[in-house]
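Okay, so here's the structure we're looking at.
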Number of protein chains: 4
Amino acid sequence: MSRAPDTWILTADCPSKLGTVDVVTRHLFEQSCYVTEHHSFDDRLSGRFFIRVEFRAPEGFDEEAFRAGLGERSASFGMAFELIAPNHRPKVVIMVSKADHCLNDLLYRQRIGQLGMEVVAVISNHPDLEPLAHWHKIPYYHFALDPKDKPGQERKVIKVIEETGAELVILARYMQVLSPELCRRLDGWAINIHHSLLPGFKGAKPYHQAYNKGVKMVGATAHYINNDLDEGPIIAQGVEVVDHSHYPEDLIAKGRDIECLTLARAVGYHIERRVFLNANRTVVL
Amino acid sequence: MSRAPDTWILTADCPSKLGTVDVVTRHLFEQSCYVTEHHSFDDRLSGRFFIRVEFRAPEGFDEEAFRAGLGERSASFGMAFELIAPNHRPKVVIMVSKADHCLNDLLYRQRIGQLGMEVVAVISNHPDLEPLAHWHKIPYYHFALDPKDKPGQERKVIKVIEETGAELVILARYMQVLSPELCRRLDGWAINIHHSLLPGFKGAKPYHQAYNKGVKMVGATAHYINNDLDEGPIIAQGVEVVDHSHYPEDLIAKGRDIECLTLARAVGYHIERRVFLNANRTVVL
Amino acid sequence: MSRAPDTWILTADCPSKLGTVDVVTRHLFEQSCYVTEHHSFDDRLSGRFFIRVEFRAPEGFDEEAFRAGLGERSASFGMAFELIAPNHRPKVVIMVSKADHCLNDLLYRQRIGQLGMEVVAVISNHPDLEPLAHWHKIPYYHFALDPKDKPGQERKVIKVIEETGAELVILARYMQVLSPELCRRLDGWAINIHHSLLPGFKGAKPYHQAYNKGVKMVGATAHYINNDLDEGPIIAQGVEVVDHSHYPEDLIAKGRDIECLTLARAVGYHIERRVFLNANRTVVL
Amino acid sequence: MSRAPDTWILTADCPSKLGTVDVVTRHLFEQSCYVTEHHSFDDRLSGRFFIRVEFRAPEGFDEEAFRAGLGERSASFGMAFELIAPNHRPKVVIMVSKADHCLNDLLYRQRIGQLGMEVVAVISNHPDLEPLAHWHKIPYYHFALDPKDKPGQERKVIKVIEETGAELVILARYMQVLSPELCRRLDGWAINIHHSLLPGFKGAKPYHQAYNKGVKMVGATAHYINNDLDEGPIIAQGVEVVDHSHYPEDLIAKGRDIECLTLARAVGYHIERRVFLNANRTVVL
C-alpha cells in the first residue's frame, strides 16, 4: 500500500490500443528497473488505458534518458506519462475558512510523514486558524473577503499559489464559491472536500438538507475542482450511519471525522499518483 | 436485539408534554408487566414523543383491560398506541417484477424464522417468479400490465391485498410506478426498496446514473411509500464501496446484496414495531 | 445523539425485578423532570437492569432532594444511581508514551467541544509529547521509567491522578504494562486503547501478529482496565479492511485512524454515562 | 470488477527477480493478446512475485501454442502459471450439515450467474437440505456419520469429489472436523467459512465465545483448508457491529448474513483466479 522509500512511480494514460502495456513494461525491463507493483486498466466504455507502476531503479539510473526513451517508444500511442522520484514531496497550498478539523488533520499527517507532502502555505479568508498553522511552522495568509472586490482577493490567492510553486491546492473546508476563472486555473490539481455524499445535497448546508430528508447515512466527497460547483470528478467518498436522534449539529460533529478521513485519503491517492482523470470520472489505481 | 418469544410490544407516540413516559411506565407497572427493553425519544425539533417497550405480561394478562386502561390514562396526551401480542406474525403481500434477489431473500428469512411474518401472497406483473413462490408454498398472482388499463391491473392488486388481510405490503423491486391513488392507500404501511442512496439518483436506472457520475459508493434505500415517487420517509439505507472498474452491470450485481440486506432490515424494523413516522422522517427505536 | 446543553443525566443499575423502570420514571415525573431520552435494558442472562435517562430539570430543581428521594424510593431494589449535572465536564488524565496520534485527536476534540471533558494532566514516560500538551495549555508530567524502580514511577503517576482529582484516566497508547496494584486502583474508570480487535492479537506488536496471520481486517479495541492485561470489559471496537499489500508499517499507519476514532468513541460514551459494567461485559445505552 | 465474457485469465507466480513482469507482458503482446486488466505485486518480505492478467485473445488464438511459448520463456524464472478460458466454469462440490443459509446463497448466486461455477454435487452428513439442492437440480449425497467409522464416511466424500471432477470444494458450514488425511487432499483448493473473525474464537461455538467476551463486532472468515484446524490461509473476512442487546442467538442470526457474503466473496475471488498462496497468507489481486 505505502510506497517503499526507494521506489519511483511511473504513470501513463492514452487511448486504448494493442501494445499499451508492453510499451511501458518493456522499457522498464530494458532499463533494468525492478517493478514492485504494477496496475493497469483499460476502460472499455471510454476506450482509454491507464497504468501505474512502482519500481526500483538500478544504480546510475539516468532519469532524463529514461524519459526520452519512453517518450520515443510511446509516441505512436499518444501516451502522456509522468515519472516521480522517490524523494519527491509535492508542494501544497491549503485553503481554509474557520473550521479547522481538516487542516488539523492534514498538518498532523504531514508532520508524522503519513502524507508525503510539503505544505508551503495556508490561505484563509479569516484570521482564526493562524496559530494552528504557525505551530506547524507554516506561513499563513489572511486575505479577507471584500464583497465588492472578490477578484482582488482571488488575485492574492493566485499570487501565493504561484510564488510558492504549489503542485496541489487543497480546499479544506474553504467556504467560498470560487470564480469560474479560478476554477479553470485549478482544474484537475485542486481537491475540495464537500460534506455530503455527492451528488446528494449539493450546495449550502448539506447536513441540514440531510436532516430534513431524514437520511440514515451521511457522507463526504473529495473531488477535483472544475468549472461546475460540486460537480468535479470524485476521488473518494466516506460514509457513516446516523439515526433520528442526530440533530443537524450532531450530523455536523459526526461529519467532521468523515470529512477528515475522506480528504486525507484523496490527498494520499493524489500524492502517490494513483488518480487519473477519465472525462468526468476518475480511475484510482 | 431480537425479541424474546414471550414478550409483548407496546408503542406509542403523541405531542411532547411532561409526563408522557410516566403515563406508559406507570400503567405497565400497575398491570404487573415486566419491562425488558424500553426506549423513548422526545424530538425537540418536531415536538413529538415516541416510545417503544417490550415486556412480559403476568399470568392472566387481560389484553382488553390493558388497552382500555391505557386509553383512559393517556387520553389527555393525545397518545396513539399499539399493543402487539407475542405470537403475532403480520400478514404480508410482496410485489415483484422479474428480479428475484429480494424475493428470494425475504422468503428465505421467513422460512428460517428470521423475519416473523406470514407472506400470504406474491403479486407480479410478470410470470417469472412463480416457481420460487410456489416452492415456498405461497400463492402467486400474475397480473400483467395492460398499458391501456393500468387502473384495472391495480384494482386486482388491491383486491388481493384486501382479501388476504395484509398488514404490510413490500415492493421488492416492483418496477412499476404506482398510481397516486394506490400510493395513498398504501401510505405508511408499504415499504419500497430503491436501488440508490436517496435522495441521490431518484427515478430510473440509478446504477447507470451512478456510473456516469463516477461515484465511489453505491447504496440502497428502504422507505415507506407515499404520494411522492422515491420521496417517502426513509427507514434504512445501505452502502458499499465501488471503484472505476465497476461497469454498470457490476454495480447492479454489487447492488443486489445491498438491496436485500437493506430491505430485510427495514422489514424487520417494521415488524418489530421499531419504526415511527415523524412528518417525512422516521424514528427507529 | 449529543446531549442538549441543558439536560441532566441519570443512570442506574440493579438486579432485575418488577418495578425497576417505574421507580425511576415515577420519581422523575413527580419531580417535574422532563425526559428527553430514556433507554433501559434488562439483561435476561445476567439478571441485571440498566437505565439511562436524559432530562430537563424544572426551575428551582433541588439536586440534593432529588438524590435523597430517589435513594429512599429505590432502596429496596439495591439500585446504584448517578446524577450528572448539565454543565459537568469530568476531569481527565491522559497517559501516553511516544506515539501522539491519540493524544492529538483527544486534545483536538476537547478543544472544539466535541468531548465534554477537562484534561487536567498528560503523563508520559517520555518527554516527546510535551510541546503538544503545552500548545493546548495542559500540564505535562514526564516520569521516566527506572527499570529498577517501577513502583516509584507508578507512585508519581498515582499522585498526579489523585491531586488533580481525575475522574477518568485514558491510556492513549501508554506502552507500559501497569502493575496489578495500579490496575486495581483504576479498575472501571480507566480506558485503554489496544491496537487489535480483541481477543485477537493480545500483547505486544499486534500489527505484526496480524501481518503474519494474513488477516484481511485490522481493528482497535477500547476497554476498561482491570486486573487482566488486554482482558478488561470492551467498550468500543473499530475495524478497517486491509490486503496483502499492507506491510506491517502500513497496518500501523492505517491503524492510527481506527485507534483514534475508537478511543474517542469510547471516551465519549463514558463521559455521557452511556457505559455500564455487567460482569466482564459492558452495556452501552 | 467482473470479467467481460470474452476475456481469458492468466495468472503466474515465482520467486522475485528482475524481468518477471516483462516475460509475461511481452509474450502477451507478441501473441497479439489485448490486456484489459493487469495487476502484479512483488512481495518484498517473502521475495515472491504474483501476477494476474485479463486479456482478449485474437482470432485463431492457439491456446496450446500460447502455453508452450510462455512455458519456454518463463522457464528460467521458475514460474508456475495458469491460463483460464473465457467460458470456463469450474466444477464445484459443496459440503453442508444442517444450516442452509450459505448453501441457499451460493446456489442462488450460481443460478443467476453471479458466481461462474457449476455445482456438481452437494454432500451432507444430514438429509435435511436435499429439497433445496433438488430444487436447483443438483445431486445430493447424504453420507451419515458413523462415529465408529469416520474414515468410511470420508472415503465416500472423496469418491464423489473425484468422480465429479470437482476443481473446488466449498465447506458451507459443514460442522465436522476433517481428518488430517482429507485436509491434506483438499489443501489449497477447498474453502471453509468459519463464523468468527479469525484468529479470534477458533473452534466450537464462536458466537457464544464472542458473547461471553462482550465483543462489539462479530465476523466471519473464509479460508483455505490446510492441516491446521481454522488456521488455513485467509481469503476474505467480513464484520458487523453488535451491542449488549445481542444474545448468542442474535449473534448467530446476524452472523448468517456475514457468513454468506464473506463466503460468496471468497468463492468469487477463487473462481476469478484472484487468490494466490504466499506461505500461510494469501495475495488477492
Side-chain angles (χ1 to χ4, degrees), chain C residues 39-46 48 50 196-202 206 208-224 231-249 262 265-266 269 274-285, chain D residues 39-46 48 50 196-202 206 208-224 231-249 262 265-266 269 274-285:
Chain C
H39 205 159
S40 68
F41 174 69
D42 191 274
D43 183 5
R44 71 172 184 258
L45 293 189
S46 69
R48 281 198 78 77
F50 306 90
S196 84
L197 216 56
L198 290 174
F201 309 128
K202 284 194 276 190
H208 288 79
Q209 292 182 53
Y211 179 82
N212 289 330
K213 183 67 196 167
V215 295
K216 301 302 185 188
M217 291 187 158
V218 293
T221 303
H223 62 93
Y224 285 118
E231 289 278 5
I234 294 171
I235 306 166
Q237 297 189 296
V239 80
E240 276 289 337
V241 170
V242 296
D243 64 33
H244 60 272
S245 72
H246 288 82
Y247 292 108
E249 62 266 31
T262 305
R265 196 144 45 88
Y269 289 161
R274 296 186 180 278
V275 194
F276 299 77
L277 285 172
N278 187 12
N280 64 329
R281 310 170 76 243
T282 64
V283 168
V284 183
L285 297 182
Chain D
H39 205 160
S40 68
F41 175 68
D42 192 274
D43 183 4
R44 70 171 183 259
L45 293 189
S46 69
R48 282 199 76 80
F50 306 90
S196 84
L197 217 55
L198 291 174
F201 308 129
K202 284 193 276 189
H208 288 78
Q209 293 182 52
Y211 178 82
N212 289 330
K213 183 69 196 161
V215 296
K216 301 301 185 187
M217 291 188 156
V218 294
T221 302
H223 63 94
Y224 285 118
E231 288 279 4
I234 295 171
I235 306 167
Q237 297 188 297
V239 79
E240 276 290 336
V241 171
V242 296
D243 64 33
H244 60 272
S245 72
H246 289 80
Y247 292 108
E249 62 267 31
T262 304
R265 197 146 43 90
Y269 290 162
R274 297 187 179 278
V275 195
F276 299 77
L277 286 172
N278 186 14
N280 65 329
R281 311 171 75 244
T282 63
V283 168
V284 182
L285 297 182

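None of the values given here were measured: they were computed from a predicted structure. Letters go in sequence order (proteins before strands), and every chain restarts at 1.
The most heavy-atom pairs under 4.5 Å with chain C, out of D:N212, D:T221, D:N278, come from D:N212. In terms of heavy-atom pairs under 4.5 Å with chain C, the best-connected choice from D:I235, D:N280, D:V284 is D:V284. With respect to chain D, the highest number of heavy-atom pairs below 4.5 Å among C:G238, C:A279, C:A236 belongs to C:G238.
Across all their heavy atoms, C:Q237 and D:V215 have their closest contact at OE1-CB, 3.5 Å. Nearest heavy atoms, D:K216 versus C:I234: CE-O, 3.4 Å. For the residue pair C:Y247 and D:D43, the shortest heavy atom distance occurs at CE2-OD1, 3.3 Å.
The closest side-chain heavy-atom distance from C:F276 to D:H244 is not below 4.5 Å.
Contact annotation for C:L197: only side-chain heavy atoms (C-beta onward) come within less than 4.5 Å of a heavy atom of chain D. Neither the backbone nor the side chain of D:Q209 has a heavy atom closer than 4.5 Å to any heavy atom of chain C. The contact between D:Y211 and chain C is made by backbone and side chain atoms together, counting heavy-atom distances below 4.5 Å.
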